[in-house]
Amino acid sequence: MSETSENSGTGTSGTGGSDPGATGASGVDPSVAAELTRLRESIDNIDAAVVHMLAERFKCTQQVGVLKAAHDLPPADPAREARQIARLRELAESARLDPAFAEKLLNFIIAEVIRHHETIADGAR
């Protein structure tokens with residue numbers, strides 16, 4: 001189960017609160033609950049950072065879209081995209097992240113950027 005859809009450690013995740021060693025009111029050992037809370041707070045902070053980084057990235061790509069539209073350049077740049085995918089796959093490997101996942105994520109972002117660039121180009125005509 002993903003962390004975003006998992007319950008908050010209240011003992012309803014299949015244990016039924018029947019753990020004989022549990023000492024908390026929710027049926028989860030307080031040290032386990034504290035560790036879950038600590039980890040989830042880290043995840044929440046990372047998620048916030050990811051959103052802010054994506055927002056900054058899209059601010060830059062919007063400027064690229066305006067520049068491309070002003071100079072009649074195509075919204076997509078397949079050669080640049082291929083270089084970026086290769087670069088991101090290498091970064092993912094060095095970070096011990098699945099390169100295929102990193103590529104899927106970048107392809108999703110690139111598709112959104114191209115859509116934005118097409119919209120900007122359409123508005124410039």
Side-chain angles (χ1 to χ4, degrees):
M1 187 177 321
S2 76
E3 191 59 38
T4 57
S5 63
E6 184 180 326
N7 70 52
S8 61
T10 60
T12 59
S13 64
T15 63
S18 61
D19 180 5
T23 58
S26 66
V28 175
D29 183 289
S31 65
V32 172
E35 182 67 0
L36 281 171
T37 298
R38 184 189 70 75
L39 291 168
R40 288 176 174 150
E41 287 172 353
S42 291
I43 290 166
D44 292 349
N45 288 336
I46 293 165
D47 288 347
V50 167
V51 167
H52 286 282
M53 293 299 294
L54 283 171
E56 286 301 311
R57 187 186 198 286
F58 276 96
K59 286 178 189 174
C60 290
T61 61
Q62 289 290 98
Q63 293 174 8
V64 168
V66 169
L67 190 60
K68 284 181 172 185
H71 296 279
D72 294 320
L73 297 171
D77 184 345
R80 160 98 173 137
E81 293 155 20
R83 287 191 308 272
Q84 285 296 95
I85 289 169
R87 181 179 154 274
L88 193 69
R89 286 185 67 91
E90 288 178 18
L91 287 171
E93 286 179 20
S94 69
R96 300 181 67 181
L97 178 68
D98 179 7
F101 169 76
E103 183 173 345
K104 287 177 190 174
L105 178 62
L106 187 59
N107 280 327
F108 179 78
I109 292 169
I110 288 170
E112 187 66 10
V113 167
I114 291 169
R115 189 181 68 75
H116 289 180
H117 288 184
E118 289 169 344
T119 301
I120 291 168
D122 289 344
R125 291 182 192 151

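What you see below is based on every heavy atom in this structure, not just the backbone, and it leaves out hydrogens, waters and symmetry mates.
The nearest pair of heavy atoms linking Ala92 to Ala102 is CB-CB, 3.6 Å. When all heavy atoms of Ala69 and Ala121 are compared, the pair lying nearest together is CB-CA, 3.9 Å.
The pair Glu56-Lys59 counts as a salt bridge, with a side-chain nitrogen and a carboxylate oxygen less than 4.0 angstrom apart. Ion pairing between Glu41 and Arg38 fails under the 4.0 Å rule for side-chain N and carboxylate O.
Within the structure, side-chain hydrogen bond (donor to acceptor under 3.5 Å, both in side chains) contacts touching residues 60-75 (residues at least two apart or in different chains) are Gln62-His116. Within the structure, salt bridge (charged side-chain N to carboxylate O under 4.0 Å, His left out) contacts touching residues 83-101 (residues at least two apart or in different chains) are Arg89-Glu103.
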Practice item. Start with the C-alpha gap between Asp47 and Ile43, add the side-chain angles, then the distance that decides, and say whether side chain to side chain contact (heavy atoms under 4.5 Å, CB included) holds. Key: CA-CA 6 Å; Asp47 288 347; Ile43 290 166; 3.8 Å; yes
Check your understanding: Hey, mind stepping through Arg115 and Glu112 against salt bridge (charged side-chain N to carboxylate O under 4.0 Å, His left out) and telling me if it holds?
Key -> CA-CA 5 Å; Arg115 189 181 68 75; Glu112 187 66 10; 2.5 Å; yes
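Taking Ile, Leu, Val, Met, Phe, Trp and Tyr as hydrophobic and joining them when side-chain heavy atoms fall under 4.5 Å apart, one finds Leu105 in a cluster with Ile46, Val50, Leu54, Phe58, Ile109, Val113.
Between the NE2 atom of His117 and the CG atom of Leu73 there is a distance of 11.0 Å, given to the nearest 0.5 Å.
Put simply, the side chain of Leu36 reaches to within 4.5 Å of the side chain of Val32, judged on heavy atoms. In this structure the side chain of Ile114 reaches within 4.5 angstrom of the side chain of Glu81, judged on heavy atoms.
Hydrophobic clustering places Leu91 together with Ile85 (ILVMFWY residues linked when any side-chain heavy atoms are closer than 4.5 Å, directly or through intermediates).
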